[in-house]
There are 2 protein chains.
Amino acid sequence: MTARRQVIPRAAPPASGRGTGVAPLTVNDPALLVEGSDARFRRLIYDLYSFSTRLDKLRGAISRTVGLTGRQYHILLVVAELGGGPPVTVNKVAEALRTSAAFVTKETGALIRAGLMDKAANPKDRRAVMLRLTAKGEAAIDALAPALRTINDDLFANIGAGAFRALAETMARLVTNIDAALAVAERISRKKGPK
Amino acid sequence: MTARRQVIPRAAPPASGRGTGVAPLTVNDPALLVEGSDARFRRLIYDLYSFSTRLDKLRGAISRTVGLTGRQYHILLVVAELGGGPPVTVNKVAEALRTSAAFVTKETGALIRAGLMDKAANPKDRRAVMLRLTAKGEAAIDALAPALRTINDDLFANIGAGAFRALAETMARLVTNIDAALAVAERISRKKGPK
DNA sequence: GCCGATAGTTAACTAAGTTAATAATTAGGC
DNA sequence: GCCTAATTATTAACTTAGTTAACTATCGGC
(Lines give C-alpha, C1' and ligand atoms only; values in the text may rest on other atoms or scores of the structure.)
Protein backbone atom coordinates (compact mmCIF):
# COMPACT_ATOMS: atom_id res chain seq x y z
CA MET A 1 0.00 0.00 0.00
CA THR A 2 1.23 3.47 -0.81
CA ALA A 3 1.97 6.00 1.92
CA ARG A 4 -0.59 8.56 0.88
CA ARG A 5 -0.47 11.51 3.22
CA GLN A 6 -3.36 12.13 5.45
CA VAL A 7 -5.49 15.19 4.81
CA ILE A 8 -4.98 17.76 7.53
CA PRO A 9 -8.03 19.83 8.40
CA ARG A 10 -7.95 23.54 7.99
CA ALA A 11 -6.81 25.46 11.06
CA ALA A 12 -9.61 25.28 13.60
CA PRO A 13 -10.42 28.13 15.96
CA PRO A 14 -7.61 28.24 18.53
CA ALA A 15 -8.01 26.17 21.67
CA SER A 16 -8.87 28.19 24.74
CA GLY A 17 -5.13 28.25 25.36
CA ARG A 18 -3.22 29.06 28.46
CA GLY A 19 -1.02 31.12 26.19
CA THR A 20 2.23 31.02 28.08
CA GLY A 21 1.78 27.38 29.03
CA VAL A 22 1.43 28.04 32.75
CA ALA A 23 0.29 24.82 34.39
CA PRO A 24 -0.56 23.93 37.98
CA LEU A 25 2.39 22.85 40.11
CA THR A 26 3.26 19.16 40.13
CA VAL A 27 4.88 19.18 43.59
CA ASN A 28 4.02 20.63 47.00
CA ASP A 29 7.27 20.03 48.85
CA PRO A 30 9.09 23.40 49.05
CA ALA A 31 12.44 21.59 48.88
CA LEU A 32 11.60 20.76 45.26
CA LEU A 33 10.64 24.27 44.20
CA VAL A 34 13.12 26.80 42.89
CA GLU A 35 11.82 30.34 43.24
CA GLY A 36 8.32 28.98 43.56
CA SER A 37 8.52 27.09 40.26
CA ASP A 38 8.53 23.35 39.62
CA ALA A 39 10.34 23.84 36.32
CA ARG A 40 13.59 22.44 37.68
CA PHE A 41 11.75 19.45 39.08
CA ARG A 42 10.01 18.69 35.80
CA ARG A 43 13.30 19.07 33.99
CA LEU A 44 14.82 16.52 36.38
CA ILE A 45 12.03 14.05 35.66
CA TYR A 46 12.55 14.52 31.92
CA ASP A 47 16.29 14.02 32.41
CA LEU A 48 15.65 10.81 34.31
CA TYR A 49 13.55 9.56 31.42
CA SER A 50 16.07 10.63 28.80
CA PHE A 51 18.86 9.04 30.74
CA SER A 52 17.11 5.74 31.23
CA THR A 53 16.18 5.52 27.56
CA ARG A 54 19.80 6.07 26.63
CA LEU A 55 21.09 3.74 29.31
CA ASP A 56 18.94 1.01 27.79
CA LYS A 57 20.41 1.70 24.39
CA LEU A 58 23.89 1.68 25.86
CA ARG A 59 23.31 -1.70 27.44
CA GLY A 60 21.79 -2.94 24.20
CA ALA A 61 24.79 -1.85 22.14
CA ILE A 62 27.25 -3.46 24.55
CA SER A 63 25.23 -6.65 24.72
CA ARG A 64 25.00 -7.00 20.98
CA THR A 65 28.78 -7.46 20.82
CA VAL A 66 28.29 -10.87 22.43
CA GLY A 67 25.01 -11.61 20.66
CA LEU A 68 22.71 -10.83 23.57
CA THR A 69 19.91 -8.35 24.15
CA GLY A 70 20.31 -5.84 26.93
CA ARG A 71 18.01 -7.68 29.29
CA GLN A 72 19.72 -11.00 28.67
CA TYR A 73 23.05 -9.46 29.57
CA HIS A 74 21.54 -7.96 32.69
CA ILE A 75 20.25 -11.38 33.74
CA LEU A 76 23.66 -12.87 33.11
CA LEU A 77 25.22 -10.28 35.42
CA VAL A 78 22.67 -10.86 38.14
CA VAL A 79 23.19 -14.62 38.06
CA ALA A 80 26.93 -14.03 38.26
CA GLU A 81 26.50 -11.72 41.21
CA LEU A 82 24.14 -14.04 43.10
CA GLY A 83 26.34 -17.04 42.36
CA GLY A 84 28.56 -18.20 45.20
CA GLY A 85 25.66 -17.93 47.63
CA PRO A 86 22.63 -20.18 47.94
CA PRO A 87 21.24 -21.65 44.70
CA VAL A 88 20.07 -19.00 42.24
CA THR A 89 16.40 -19.57 41.41
CA VAL A 90 14.19 -18.03 38.77
CA ASN A 91 12.25 -16.11 41.38
CA LYS A 92 15.38 -14.62 42.93
CA VAL A 93 16.51 -13.33 39.58
CA ALA A 94 13.04 -11.95 38.86
CA GLU A 95 13.08 -10.12 42.16
CA ALA A 96 16.52 -8.65 41.56
CA LEU A 97 15.42 -7.40 38.15
CA ARG A 98 12.01 -6.39 39.44
CA THR A 99 10.33 -8.30 36.69
CA SER A 100 8.13 -11.40 36.39
CA ALA A 101 9.29 -14.99 36.75
CA ALA A 102 7.76 -15.71 33.35
CA PHE A 103 10.07 -13.22 31.72
CA VAL A 104 13.12 -14.66 33.47
CA THR A 105 12.19 -18.15 32.33
CA LYS A 106 11.95 -16.99 28.74
CA GLU A 107 15.21 -15.06 28.70
CA THR A 108 17.25 -17.61 30.62
CA GLY A 109 16.08 -20.07 27.97
CA ALA A 110 17.90 -17.98 25.38
CA LEU A 111 21.01 -17.78 27.55
CA ILE A 112 21.01 -21.53 28.06
CA ARG A 113 20.62 -22.15 24.33
CA ALA A 114 23.58 -19.82 23.80
CA GLY A 115 25.62 -21.96 26.19
CA LEU A 116 26.21 -19.13 28.68
CA MET A 117 24.19 -20.54 31.52
CA ASP A 118 22.87 -23.85 32.69
CA LYS A 119 20.02 -25.05 34.76
CA ALA A 120 19.79 -28.02 37.09
CA ALA A 121 17.05 -29.33 39.33
CA ASN A 122 17.64 -28.66 43.00
CA PRO A 123 17.64 -32.07 44.71
CA LYS A 124 16.41 -30.46 47.96
CA ASP A 125 13.38 -28.93 46.23
CA ARG A 126 12.49 -30.37 42.89
CA ARG A 127 10.18 -27.48 41.99
CA ALA A 128 13.11 -25.10 42.03
CA VAL A 129 15.90 -24.79 39.52
CA MET A 130 19.50 -23.79 40.09
CA LEU A 131 20.86 -21.31 37.56
CA ARG A 132 24.58 -21.10 37.04
CA LEU A 133 26.92 -19.50 34.58
CA THR A 134 28.93 -21.82 32.41
CA ALA A 135 32.61 -21.16 31.82
CA LYS A 136 31.51 -19.60 28.53
CA GLY A 137 29.13 -17.31 30.40
CA GLU A 138 31.88 -16.10 32.70
CA ALA A 139 34.16 -15.61 29.72
CA ALA A 140 31.49 -13.44 28.08
CA ILE A 141 31.34 -11.18 31.14
CA ASP A 142 35.12 -10.92 31.27
CA ALA A 143 35.27 -10.16 27.56
CA LEU A 144 32.93 -7.19 27.98
CA ALA A 145 34.75 -5.66 30.94
CA PRO A 146 37.31 -3.57 29.01
CA ALA A 147 34.68 -1.94 26.80
CA LEU A 148 32.52 -1.38 29.86
CA ARG A 149 35.33 0.37 31.69
CA THR A 150 35.82 2.80 28.80
CA ILE A 151 32.11 3.49 28.46
CA ASN A 152 31.45 3.88 32.18
CA ASP A 153 34.35 6.27 32.54
CA ASP A 154 32.97 8.34 29.68
CA LEU A 155 29.53 8.30 31.22
CA PHE A 156 30.79 9.62 34.55
CA ALA A 157 33.33 12.03 33.11
CA ASN A 158 33.59 15.21 35.21
CA ILE A 159 31.57 13.67 38.01
CA GLY A 160 33.71 13.53 41.10
CA ALA A 161 33.73 11.11 44.00
CA GLY A 162 31.48 13.41 46.04
CA ALA A 163 28.82 13.73 43.36
CA PHE A 164 29.01 9.99 42.70
CA ARG A 165 28.38 9.12 46.34
CA ALA A 166 25.61 11.68 46.65
CA LEU A 167 23.97 10.28 43.52
CA ALA A 168 24.27 6.72 44.78
CA GLU A 169 22.67 7.65 48.09
CA THR A 170 19.86 9.68 46.59
CA MET A 171 19.05 6.98 44.05
CA ALA A 172 18.97 4.35 46.79
CA ARG A 173 16.45 6.48 48.65
CA LEU A 174 14.38 7.08 45.52
CA VAL A 175 14.24 3.35 44.85
CA THR A 176 12.97 2.85 48.38
CA ASN A 177 10.43 5.65 48.08
CA ILE A 178 9.09 4.76 44.69
CA ASP A 179 7.35 1.60 45.85
CA ALA A 180 5.19 3.61 48.21
CA ALA A 181 4.52 6.20 45.51
CA LEU A 182 3.60 3.43 43.09
CA ALA A 183 1.17 1.92 45.59
CA VAL A 184 -0.53 5.31 45.97
CA ALA A 185 -0.66 5.80 42.20
CA GLU A 186 -2.18 2.39 41.65
CA ARG A 187 -4.79 2.97 44.29
CA ILE A 188 -5.79 6.24 42.61
CA SER A 189 -5.67 4.56 39.23
CA ARG A 190 -7.97 1.75 40.28
CA LYS A 191 -10.39 4.15 41.92
CA LYS A 192 -10.62 6.63 39.06
CA GLY A 193 -10.24 4.45 36.01
CA PRO A 194 -10.68 0.75 36.74
CA LYS A 195 -11.60 0.32 33.06
CA MET B 1 -1.34 -27.21 24.43
CA THR B 2 -0.73 -28.23 28.02
CA ALA B 3 2.03 -26.65 30.05
CA ARG B 4 4.03 -29.82 30.56
CA ARG B 5 7.12 -29.00 32.53
CA GLN B 6 10.35 -29.19 30.73
CA VAL B 7 12.73 -31.98 31.66
CA ILE B 8 15.70 -30.58 33.50
CA PRO B 9 18.98 -32.37 32.90
CA ARG B 10 20.78 -33.97 35.76
CA ALA B 11 23.31 -31.72 37.48
CA ALA B 12 26.26 -31.36 35.15
CA PRO B 13 29.82 -31.05 36.40
CA PRO B 14 30.12 -27.59 37.99
CA ALA B 15 31.19 -24.74 35.72
CA SER B 16 34.79 -23.68 36.17
CA GLY B 17 33.35 -21.16 38.63
CA ARG B 18 34.84 -18.07 40.05
CA GLY B 19 33.43 -19.26 43.32
CA THR B 20 32.92 -16.00 45.13
CA GLY B 21 31.74 -14.26 41.98
CA VAL B 22 34.75 -11.96 41.69
CA ALA B 23 34.57 -10.26 38.32
CA PRO B 24 36.85 -7.77 36.56
CA LEU B 25 36.16 -4.12 37.40
CA THR B 26 33.65 -2.28 35.24
CA VAL B 27 35.16 1.19 35.82
CA ASN B 28 38.66 2.68 35.84
CA ASP B 29 37.91 6.11 37.27
CA PRO B 30 39.08 6.08 40.93
CA ALA B 31 36.27 8.52 41.83
CA LEU B 32 33.85 5.66 41.17
CA LEU B 33 35.60 3.06 43.28
CA VAL B 34 34.95 2.56 46.97
CA GLU B 35 37.84 0.81 48.67
CA GLY B 36 38.99 -0.47 45.31
CA SER B 37 35.66 -2.08 44.53
CA ASP B 38 33.12 -1.20 41.87
CA ALA B 39 30.32 -2.79 43.91
CA ARG B 40 28.82 0.58 44.83
CA PHE B 41 28.95 1.64 41.20
CA ARG B 42 27.21 -1.49 39.97
CA ARG B 43 24.61 -1.11 42.64
CA LEU B 44 23.97 2.46 41.43
CA ILE B 45 23.47 1.24 37.88
CA TYR B 46 21.02 -1.40 39.11
CA ASP B 47 19.22 1.26 41.13
CA LEU B 48 18.97 3.47 38.07
CA TYR B 49 17.38 0.60 36.17
CA SER B 50 15.02 -0.29 38.99
CA PHE B 51 14.04 3.31 39.38
CA SER B 52 13.35 3.89 35.73
CA THR B 53 11.25 0.73 35.47
CA ARG B 54 9.16 1.89 38.40
CA LEU B 55 8.97 5.46 37.16
CA ASP B 56 7.49 4.11 33.94
CA LYS B 57 4.90 2.19 35.90
CA LEU B 58 4.16 5.26 37.97
CA ARG B 59 3.57 7.35 34.88
CA GLY B 60 1.48 4.53 33.42
CA ALA B 61 -0.75 4.34 36.50
CA ILE B 62 -1.28 8.10 36.58
CA SER B 63 -1.97 8.24 32.86
CA ARG B 64 -4.53 5.46 32.99
CA THR B 65 -6.76 7.66 35.15
CA VAL B 66 -7.38 9.81 32.05
CA GLY B 67 -7.34 6.89 29.59
CA LEU B 68 -3.83 7.43 28.27
CA THR B 69 -0.67 5.37 28.19
CA GLY B 70 2.41 6.74 29.91
CA ARG B 71 4.04 7.85 26.71
CA GLN B 72 0.90 9.58 25.44
CA TYR B 73 0.71 11.56 28.65
CA HIS B 74 4.37 12.46 28.33
CA ILE B 75 3.77 13.75 24.79
CA LEU B 76 0.81 15.75 26.02
CA LEU B 77 3.02 17.40 28.64
CA VAL B 78 5.76 18.19 26.16
CA VAL B 79 3.34 19.78 23.73
CA ALA B 80 1.91 21.83 26.60
CA GLU B 81 5.38 22.93 27.61
CA LEU B 82 6.48 23.83 24.08
CA GLY B 83 3.20 25.63 23.40
CA GLY B 84 3.31 29.41 23.62
CA GLY B 85 6.50 29.48 21.57
CA PRO B 86 6.93 28.80 17.87
CA PRO B 87 4.67 26.13 16.32
CA VAL B 88 5.14 22.69 17.86
CA THR B 89 6.14 20.21 15.17
CA VAL B 90 6.37 16.43 15.21
CA ASN B 91 10.15 16.59 15.00
CA LYS B 92 10.43 18.97 17.94
CA VAL B 93 8.40 16.66 20.11
CA ALA B 94 10.43 13.66 18.95
CA GLU B 95 13.62 15.47 19.87
CA ALA B 96 12.33 16.43 23.31
CA LEU B 97 11.33 12.83 23.98
CA ARG B 98 14.46 11.49 22.32
CA THR B 99 12.40 9.19 20.19
CA SER B 100 11.58 8.85 16.50
CA ALA B 101 9.22 11.06 14.52
CA ALA B 102 7.35 7.92 13.48
CA PHE B 103 6.51 7.15 17.06
CA VAL B 104 5.32 10.69 17.74
CA THR B 105 3.08 10.55 14.68
CA LYS B 106 1.49 7.36 15.90
CA GLU B 107 0.92 8.49 19.48
CA THR B 108 -0.29 11.99 18.64
CA GLY B 109 -2.84 10.24 16.43
CA ALA B 110 -4.28 8.60 19.54
CA LEU B 111 -4.28 11.90 21.41
CA ILE B 112 -6.07 13.63 18.55
CA ARG B 113 -8.65 10.86 18.36
CA ALA B 114 -9.18 11.30 22.12
CA GLY B 115 -9.84 15.00 21.52
CA LEU B 116 -6.90 16.16 23.67
CA MET B 117 -4.81 17.63 20.91
CA ASP B 118 -5.26 18.94 17.42
CA LYS B 119 -3.16 19.29 14.36
CA ALA B 120 -3.20 21.97 11.68
CA ALA B 121 -1.09 22.53 8.61
CA ASN B 122 1.39 25.36 8.98
CA PRO B 123 0.54 27.85 6.21
CA LYS B 124 4.20 28.99 6.14
CA ASP B 125 5.47 25.45 5.52
CA ARG B 126 2.92 22.97 4.34
CA ARG B 127 5.15 19.98 5.09
CA ALA B 128 5.04 20.80 8.78
CA VAL B 129 2.18 20.41 11.19
CA MET B 130 1.33 22.48 14.22
CA LEU B 131 0.39 20.49 17.30
CA ARG B 132 -1.70 22.14 19.96
CA LEU B 133 -3.59 21.07 23.03
CA THR B 134 -7.34 21.43 22.93
CA ALA B 135 -9.18 22.84 25.92
CA LYS B 136 -9.91 19.22 26.82
CA GLY B 137 -6.18 18.44 26.71
CA GLU B 138 -5.39 21.27 29.07
CA ALA B 139 -8.18 20.18 31.35
CA ALA B 140 -6.70 16.67 31.45
CA ILE B 141 -3.34 18.03 32.59
CA ASP B 142 -4.98 20.19 35.24
CA ALA B 143 -7.07 17.26 36.44
CA LEU B 144 -3.96 15.18 37.04
CA ALA B 145 -2.03 17.83 38.97
CA PRO B 146 -3.39 17.10 42.47
CA ALA B 147 -2.60 13.38 42.26
CA LEU B 148 0.80 14.22 40.81
CA ARG B 149 1.62 16.52 43.71
CA THR B 150 0.84 13.79 46.21
CA ILE B 151 2.84 11.19 44.35
CA ASN B 152 5.84 13.41 43.66
CA ASP B 153 6.01 14.46 47.29
CA ASP B 154 5.98 10.80 48.32
CA LEU B 155 8.67 10.00 45.80
CA PHE B 156 10.99 12.69 47.12
CA ALA B 157 10.16 12.19 50.79
CA ASN B 158 13.22 12.71 53.00
CA ILE B 159 15.19 14.20 50.14
CA GLY B 160 16.08 17.77 50.99
CA ALA B 161 16.60 20.80 48.81
CA GLY B 162 20.36 20.19 48.73
CA ALA B 163 20.09 16.58 47.60
CA PHE B 164 17.45 17.56 45.06
CA ARG B 165 19.65 20.20 43.49
CA ALA B 166 22.68 17.94 43.50
CA LEU B 167 20.65 15.20 41.84
CA ALA B 168 19.30 17.61 39.22
CA GLU B 169 22.81 18.80 38.40
CA THR B 170 24.34 15.36 38.24
CA MET B 171 21.53 14.01 36.09
CA ALA B 172 21.89 16.93 33.69
CA ARG B 173 25.57 16.09 33.35
CA LEU B 174 24.85 12.40 32.87
CA VAL B 175 22.36 13.18 30.13
CA THR B 176 25.05 15.25 28.43
CA ASN B 177 27.68 12.55 28.85
CA ILE B 178 25.60 9.62 27.77
CA ASP B 179 25.43 10.64 24.14
CA ALA B 180 29.21 10.43 23.87
CA ALA B 181 29.23 7.10 25.71
CA LEU B 182 26.51 5.80 23.41
CA ALA B 183 28.49 6.82 20.36
CA VAL B 184 31.50 4.90 21.67
CA ALA B 185 29.37 1.87 22.48
CA GLU B 186 27.81 1.86 19.04
CA ARG B 187 31.17 2.12 17.37
CA ILE B 188 32.40 -0.90 19.36
CA SER B 189 29.15 -2.70 18.67
CA ARG B 190 29.39 -2.20 14.93
CA LYS B 191 33.02 -3.23 14.89
CA LYS B 192 32.65 -6.38 16.97
CA GLY B 193 29.21 -7.61 16.07
CA PRO B 194 27.86 -5.98 12.92
CA LYS B 195 25.64 -9.05 12.50
C1' DG C 1 12.45 24.08 -13.37
C1' DC C 2 15.27 20.59 -11.29
C1' DC C 3 17.63 18.51 -7.13
C1' DG C 4 18.75 17.64 -2.71
C1' DA C 5 17.19 18.26 1.89
C1' DT C 6 13.44 18.37 5.22
C1' DA C 7 8.73 17.00 7.48
C1' DG C 8 5.66 13.70 8.17
C1' DT C 9 3.34 9.29 7.55
C1' DT C 10 2.79 4.33 7.01
C1' DA C 11 3.94 -0.56 7.39
C1' DA C 12 6.30 -4.20 9.20
C1' DC C 13 9.21 -5.54 12.64
C1' DT C 14 11.57 -6.16 17.41
C1' DA C 15 12.41 -5.93 22.52
C1' DA C 16 10.58 -6.28 26.69
C1' DG C 17 7.53 -7.02 29.18
C1' DT C 18 2.52 -8.70 31.16
C1' DT C 19 -1.40 -11.84 32.73
C1' DA C 20 -3.61 -16.17 33.12
C1' DA C 21 -3.62 -20.99 32.92
C1' DT C 22 -1.22 -25.14 33.95
C1' DA C 23 1.89 -28.54 36.06
C1' DA C 24 4.89 -30.35 39.59
C1' DT C 25 6.13 -30.34 43.99
C1' DT C 26 6.31 -29.22 48.85
C1' DA C 27 4.55 -28.12 53.46
C1' DG C 28 1.09 -27.81 56.95
C1' DG C 29 -3.09 -29.33 59.47
C1' DC C 30 -5.24 -32.99 61.38
C1' DG D 1 -0.27 -40.90 56.23
C1' DC D 2 -3.58 -37.89 53.44
C1' DC D 3 -5.63 -33.89 51.67
C1' DT D 4 -5.32 -29.05 50.79
C1' DA D 5 -3.01 -24.75 50.11
C1' DA D 6 0.98 -22.53 48.82
C1' DT D 7 5.15 -22.24 46.10
C1' DT D 8 8.10 -22.72 41.81
C1' DA D 9 8.46 -22.74 37.17
C1' DT D 10 6.75 -22.85 32.55
C1' DT D 11 3.93 -21.79 28.45
C1' DA D 12 0.84 -19.16 25.49
C1' DA D 13 -1.23 -15.16 24.04
C1' DC D 14 -1.17 -10.44 24.41
C1' DT D 15 0.41 -5.38 25.02
C1' DT D 16 3.38 -1.32 25.03
C1' DA D 17 6.90 1.10 23.26
C1' DG D 18 9.57 1.60 20.43
C1' DT D 19 12.57 0.88 15.63
C1' DT D 20 13.91 1.05 10.53
C1' DA D 21 12.83 1.60 5.80
C1' DA D 22 10.16 3.17 2.18
C1' DC D 23 7.45 6.67 0.59
C1' DT D 24 4.89 11.34 -0.29
C1' DA D 25 4.85 16.10 -0.18
C1' DT D 26 6.96 20.19 0.03
C1' DC D 27 10.67 23.63 0.33
C1' DG D 28 14.99 26.17 -0.80
C1' DG D 29 18.92 26.95 -3.63
C1' DC D 30 20.82 27.40 -7.96
Side-chain angles (χ1 to χ4, degrees), chain A residues 1-8 49-50 52-57 59-61 63-64 67-75 87-95 97-112 119-131 186 195, chain B residues 1-8 49-50 52-57 59-61 63-64 67-75 86-95 97-110 112 119-131 186 195:
Chain A
M1 179 174 292
T2 58
R4 168 144 288 279
R5 281 193 79 182
Q6 171 192 326
V7 176
I8 296 174
Y49 277 118
S50 295
S52 74
T53 308
R54 306 298 247 215
L55 191 61
D56 256 348
K57 284 183 183 162
R59 187 178 56 176
S63 307
R64 254 194 310 281
L68 299 177
T69 67
R71 271 320 230 180
Q72 288 165 2
Y73 174 53
H74 199 155
I75 289 175
V88 180
T89 64
V90 168
N91 278 333
K92 272 186 204 158
V93 175
E95 197 180 329
L97 270 80
R98 294 176 174 257
T99 186
S100 64
F103 181 67
V104 173
T105 295
K106 189 162 62 167
E107 296 302 304
T108 52
L111 291 167
I112 290 166
K119 184 193 280 187
N122 184 338
K124 308 278 182 184
D125 181 348
R126 307 237 312 288
R127 294 166 304 180
V129 300
M130 299 188 299
L131 297 170
E186 277 172 351
K195 182 57 172 291
Chain B
M1 177 173 293
T2 60
R4 166 142 288 279
R5 280 193 77 181
Q6 171 192 325
V7 175
I8 296 174
Y49 276 119
S50 296
S52 73
T53 308
R54 305 298 247 215
L55 191 59
D56 255 348
K57 285 183 182 162
R59 188 178 54 177
S63 307
R64 253 195 311 282
L68 298 178
T69 67
R71 270 322 229 181
Q72 287 164 4
Y73 174 52
H74 200 155
I75 290 176
V88 180
T89 65
V90 168
N91 278 331
K92 271 186 205 159
V93 174
E95 197 180 329
L97 269 80
R98 293 177 174 258
T99 187
S100 63
F103 181 68
V104 173
T105 294
K106 189 162 61 167
E107 296 303 305
T108 52
I112 290 167
K119 186 192 278 188
N122 184 338
K124 307 280 184 183
D125 180 349
R126 306 235 316 285
R127 294 167 305 181
V129 300
M130 300 189 299
L131 297 170
E186 277 173 351
K195 183 54 171 298

Below 4.0 angstrom from OP1 or OP2 of [N], is there any side-chain N or O of [X]?
X	N	answer
Asn91(A)	dT7(D)	no
Lys119(B)	dT9(C)	yes
Lys106(A)	dA9(D)	no
Arg126(B)	dT26(D)	yes
Lys92(B)	dA7(C)	no

Assign [X] to base, sugar-phosphate, or nothing according to its heavy-atom contacts below 4.0 angstrom with the strands shown.
X	result
Thr53(A)	nothing
Thr69(B)	sugar-phosphate
Thr99(A)	sugar-phosphate
Gly70(A)	sugar-phosphate

- Derivation of the side-chain contact (heavy atoms from CB on, under 4.5 Å) call for Tyr49(A) and Arg59(B): CA-CA 11 Å; Tyr49(A) 277 118; Arg59(B) 188 178 54 177; 3.2 Å; yes
Using atom types as modelled and distance alone, determine if a side-chain donor or acceptor of [X] lies under 3.5 Å from a backbone N or O of [Y].
X	Y	answer
Lys57(A)	Glu186(B)	no
Lys119(A)	Thr108(A)	no
Gln72(A)	Thr69(A)	yes

- Query: Which of these nucleotides, dT10(D), dC27(D), dT9(C), is closest to any side-chain atom of Thr105(B)?
  - Reply: dT9(C)
- Checking dA11(C), dT8(D), dT18(C) against the side chain of Ser100(A) (C-beta onward), the nearest is dT18(C)
